Amino acid sequence: MRLSPAVRLSEYFMPTLKENPSEAEIASHRLMLRAGMVRQASAGIYSWLPMGFRVLKKIEQIVREEQDAAGANEVMMPTIQSADLWRKSGRYDDYGKEMLRITDRHDREMLYGPTNEELITDIFRDGARSYKDVPQMLYHIQWKFRDEVRPRFGVMRGREFYMKDGYSFDLTVEDGIKSYNKMFASYLRTYARMGLKVIPMRADTGPIGGENSHEFIILADTGESEVFCHSDFLGLDPLAEKTDYKADLQPIVDKWTAMYAATEEMHDQARFESEVPEDKRISARGIEVGHIFFFGDKYSAPLGAVVQTSDDKQVPVQMGSYGIGVSRLVGAIIEACHDENGIIWPEAVAPFKVGLINLRTGDDACDKACEDIFAKLQVMGVEVMYDDRSERAGVKFANMDLIGLPWQLVVGPKGLANGVVELKNRKSGEKQELPLDKALELVAG
RNA sequence: CGGGGUAUGGCGCAGUCUGGUAGCGCACCUGCUUUGGGAGCAGGGGGUCCGAGGUUCGAAUCCUCGUGCCCCGACCA
């Protein structure tokens, strides 16, 4: 999907709010409403307005690229599923009220999918017969619905949410772990590309048990749960070297699981203190932005997803599932990246890279200079939002800080008279007056 | 699902106790003056006061029953 490379604010739909809506408690929820990214449709259900939708699509695209790079194949499954499938896995009765159940005109029982293990297993079972059909990894990015008792925190804990979920299919447990490791490595890259510091933490595997389940957590003051980890995690960079998915990825997994990291539920204070030197101990708030899980034949066995081995046996495939909360990430990134004035987008997910501010719309020199810059940025392939409205300077500055584009290019009559424009970096707050060419160069870099 | 709040114009709120036919700030529209960090003056538009019953000459206000939304907890991507 191609996003519009440039917009004029006078023609855009970005209803910003000066005051905080009373229903929004945490920063990301407040800022998303104030910046005109989303509007609540009902509890835990949101409409995505143009700018919020752009960010959602950018995150989705990064997820997609990294899934593809790891060798997963994209599919698209429906939001509405049949109850029959869920009866086979036994989850139709287990899932409880969180599952939104629907009856169609023929009184057939349907449901709005809260997840897709059953459907994907059914699809795989239908299309794979032989050990030669594995390994296989399938993923899709789709809306899901869980009828949470208490939705909150805006899009971070909505009832309807956009999620990437992937599934791996292998012949043996050993191969299954290899697939798990691929996803582990690709997740590290995915979050790093979004400008996030992510820490994999051993997750509670529940009744199934086993070592192979990790939650991917980012640190943010307003995070939902308490986490404990070694501070050296923050110095690791998953993008420092290329990830070779054909190679053995166990060293990468080992490197990222060697140091102590645990959520509240899994935390062991004694171990924490013995394994991590005092000055390296981080105890902070975290937000879960992904979860990976190897669960063997839990679904393949009851649903009959078997393949034939080279010695003529039928064996259920070994499966894993891998989730990334795409819509949740929009909120999570804001939680990790904002200040008192508004959002501070990491460049990779920013709705636009540059905000072009015309300080005096209607002034010939300013209008002409801005139109020229607006056109040049498009030629350079730099996504730009041009504030061409006849608002006062203060309004434009405040608005641009609120929506948090990485760069603000400010064009006013005073600067133009001296042959300069002002370039402000939203993150550092640093402002510099530069000749236009120089400013464009910096922005493009 | 337990506990607590709240519902008045697009947003934030007052008015409810003590009933008399709705108000303030922001936003919006028009005009003039302004113009480098959320302008000033003047004029203007917009509200079934969450819903349904009831009490009353009269209900945003009192009573009853619903509903939406938010917060804390338990639960979760």
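Reminder, nothing fancy here: chain letters follow the sequence lines and each chain counts from 1. Predicted, not measured: the structure shown is a model, and the values here were computed from it.
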Rounded to the nearest angstrom, tell me the gap between atom CZ in A:R146 and atom C1' in B:rC1.
-> 19 Å
Assess A:R101 against A:Y92: is NZ or CZ under 6.0 Å from the centre of the six-membered ring, and within 45 degrees of the ring's axis?
-> yes
Can you tell me the distance, in whole Å, between the NZ atom of A:K431 and the P atom of B:rG36?
-> 13 Å
Whole-Å distance between B:rG37 C1' and A:K396 NZ?
-> 13 Å
Can you figure out which of B:rA77, B:rG36, B:rG38 approaches the side chain of A:L402 most closely?
-> B:rG38
Strictly below 4.0 Å, heavy-atom distances to any atom of RNA chain B: list the hits from residues 152-169 of chain A, or just say none.
-> A:R152, A:M156, A:R157, A:G158, A:F161
For B:rG46, which nucleotide in any strand shown is its Watson-Crick or wobble partner with both distances under 3.5 Å?
-> none
Could you give the CD-to-P distance, from A:E98 to B:rA77, as a whole number of Å?
-> 9 Å
Integer angstrom distance from the C1' of B:rG38 to that of B:rC28 = 16 Å
A:Q40 side chain near B:rG68 phosphate (N/O to OP1/OP2, under 4.0 Å) | no
Would you indicate whether A:D221, at its atom CG, is surrounded by more than 12 heavy atoms from other residues, nucleotides or ligands within a distance under 6.0 Å?
-> no
Under the ring pair (Phe, Tyr, Trp, His ring centres under 6.0 Å) test, residues paired with A:F124 that sit two or more places apart | A:F169
With the side chain of A:E23 defined as its heavy atoms from C-beta on, choose the nearest nucleotide among B:rA74, B:rG36, B:rC70.
-> B:rC70
Closest-nucleotide ordering on RNA chain B, the 5'-leading residue of A:P21 and A:A43 = A:P21
Relative to the ring of A:H267, is the ring of A:F272 parallel (under 30°), tilted (30 to 60°) or perpendicular (over 60°)?
-> perpendicular
Atom-to-atom span, CG of A:L359 to C1' of B:rU34 - whole angstrom = 15 Å
A:R392 side chain N/O closer than 4.0 Å to the phosphate oxygens (OP1, OP2) of B:rG38?
-> no
With sugar-phosphate meaning primed atoms plus P, OP1 and OP2, does A:S327 contact a base, only sugar-phosphate, or nothing at under 4.0 Å between heavy atoms?
-> nothing
Ring pair (Phe, Tyr, Trp, His ring centres under 6.0 Å), paired with A:Y162, selected from A:F53, A:W143, A:F145 = A:W143
Distance-only donor-acceptor test, A:R34 side-chain atoms vs B:rG38 base atoms, 3.5 Å = yes
What's the closest nucleotide to the A:N399 side chain, out of B:rG38, B:rC1, B:rG36?
-> B:rG38
Does A:D401 make a side-chain donor-acceptor contact with the base of B:rG37, cut-off 3.5 Å?
-> yes
What protein N or O atoms touch nucleotides 40-42 of chain B N or O atoms at under 3.5 angstrom, if any, and at what distances?
none

Counting only Watson-Crick or G-U wobble pairs whose two distances fall under 3.5 Å, which nucleotide matches B:rG31?
-> B:rC41
Under a 3.5 Å limit on both distances, the Watson-Crick or wobble mate of B:rC24 is B:rG12
Which value, in whole Å, describes the distance between the P atoms of nucleotides B:rA60 and B:rG5?
-> 25 Å
Rounded distance in Å between the C1' positions of B:rG12 and B:rA7 | 14 Å
Using the C1' atom on both, measure B:rG23 against B:rG37 and round to a whole Å.
-> 32 Å
Using the P atom on both, measure B:rC24 against B:rG15 and round to a whole Å.
-> 15 Å
If you draw the axis of the six-membered ring of A:F352, does the NZ or CZ of A:R54 fall within 45° of it and under 6.0 Å from the ring centre?
-> yes
Contact letters for nucleotides 43-51 of chain B, in which S counts primed atoms plus P, OP1 and OP2 and B counts the base, heavy atoms under 4.0 Å | ---------
CG of A:N418 versus P of B:rG36: gap in Å, rounded?
-> 16 Å
With the criterion being N/O to N/O and under 3.5 Å, what pairs connect the protein with nucleotides 22-33 of chain B, and how long is each?
{"residue": "B:rG25", "atom": "N2", "partner": "A:E19", "partner atom": "OE1", "Å": "2.8"}

What is the pairing partner of B:rU18, taking Watson-Crick or G-U wobble pairs with both distances under 3.5 Å in any strand?
-> none
Within this structure, what is the CG-to-C1' distance between A:L17 and B:rG12, rounded to whole angstrom?
-> 10 Å
Using a 4.0 Å heavy-atom cut-off across all strands, classify A:G412 as base, sugar-phosphate, or nothing.
-> base
RNA chain B: A:S22 or A:E215, which has the more 5' nearest nucleotide?
-> A:S22
Could you give the distance separating B:rA59 and B:rG66 at their P atoms, to the nearest angstrom?
-> 24 Å
Sorted by chain and number, sequence neighbours left out, side-chain hydrogen bond (donor to acceptor under 3.5 Å, both in side chains) with A:Y112 holds for none
Can you tell me the Watson-Crick or wobble partner of B:rG68, both distances under 3.5 angstrom?
-> B:rU6
Do the side chains of A:K197 and A:L219 get nearer than 4.5 Å, heavy atoms only?
-> no
How many Å lie between CZ on A:R30 and P on B:rC70, as a whole number?
-> 16 Å
